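If you're wondering where the values come from, they're calculated on a predicted model, not measured in any experiment. Along the sequence shown, residues are numbered consecutively beginning with 1.
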Amino acid sequence: MRNTLLTFAMLFAFVWSASAIHASNPNMVKANQSSELKDIIKGMDIDEILALSPKNYREKTGKRLGVKNTIKLKVAQKLLKKTKKGNAGVDIPKGVYILGAFFGFAWLLMGLMDDFEGNNWWINLILYFLFWLPGFIHALIKMSDYY
């Protein structure tokens with residue numbers, strides 16, 4: 001009984017810490033960008049924004065971008081590229097996702113929607129192999145990333 005309680009406590013701590021790490025929102029960087037950078041980006045196409053470099057910014061404005069704004073630009077480009085890429089053409093309904101999570105196939109559905117990139121699908125697979133419940137909880141927590 002004591003070992004079982006210890007195991008559940010460790011699993012709860014692991015799932016809680018994994019969800020806390022994921023809770024940080026990368027979109028916060030977008031909200032804090034400088035107004036000059038926003039003004040330059042506002043009139044550009046997606047491909048032009050992805051091709052923008054600190055050197056191009058200097059040529060357009062005559063000002064240096066700076067280290068902080070360069071990092072913000074690169075993060076925004078990465079987020080935009082991920083958004084532009086989409087979910088590999090696989091559109092799985094939310095009900096099918098929940099049903100798949102219940103039967104232990106959420107890792108497969110996550111992999112299909114992420115094109116098997118990233119950590120979500122294999123972490124979910126490991127959690128399903130440990131016990132069913134942590135994998136199911138992880139799948140429900142990650143559902144907000146997809147829907």
Where Ala101 and Ala139 come nearest, the two heavy atoms and their spacing: CB-CB, 3.7 Å
By side-chain hydrogen bond (donor to acceptor under 3.5 Å, both in side chains) - contacts of Trp132 (at least two apart): none
For Tyr57 against Leu52, the heavy-atom pair lying closest together: N-CD1, 4.0 Å
Atom pair CD1 (Ile98) and CG (Leu109), whose distance is rounded to the nearest 0.5 Å: 11.5 Å
The single option from Ile126, Leu127, Leu125 passing side chain to side chain contact (heavy atoms under 4.5 Å, CB included) against Ile123: Leu127
Least distance between heavy atoms, Asn120 atom then His138 atom: O-CE1, 3.6 Å
Any residue meeting side-chain contact (heavy atoms from CB on, under 4.5 Å) with Leu140, in chain and number order, not counting sequence neighbours: Phe136, Met143
Nearest non-hydrogen partners of Tyr97 and Met113, listed with the distance: CD1-CE, 3.5 Å
From CG (Leu65) to CD1 (Ile71), nearest 0.5 Å: 10.0 Å
Value rounded to 0.5 Å, distance of CZ in Arg58 from OG in Ser53: 11.5 Å
From Thr70 atom OG1 to Arg64 atom CZ, the distance as rounded to the nearest 0.5 Å: 7.5 Å
Partner residues of Phe116 under the side-chain contact (heavy atoms from CB on, under 4.5 Å) criterion, sequence neighbours left out: Leu108, Leu112, Trp121
Over all atoms of both residues, closest heavy-atom pair of Asn124 and Trp107: OD1-N, 3.3 Å
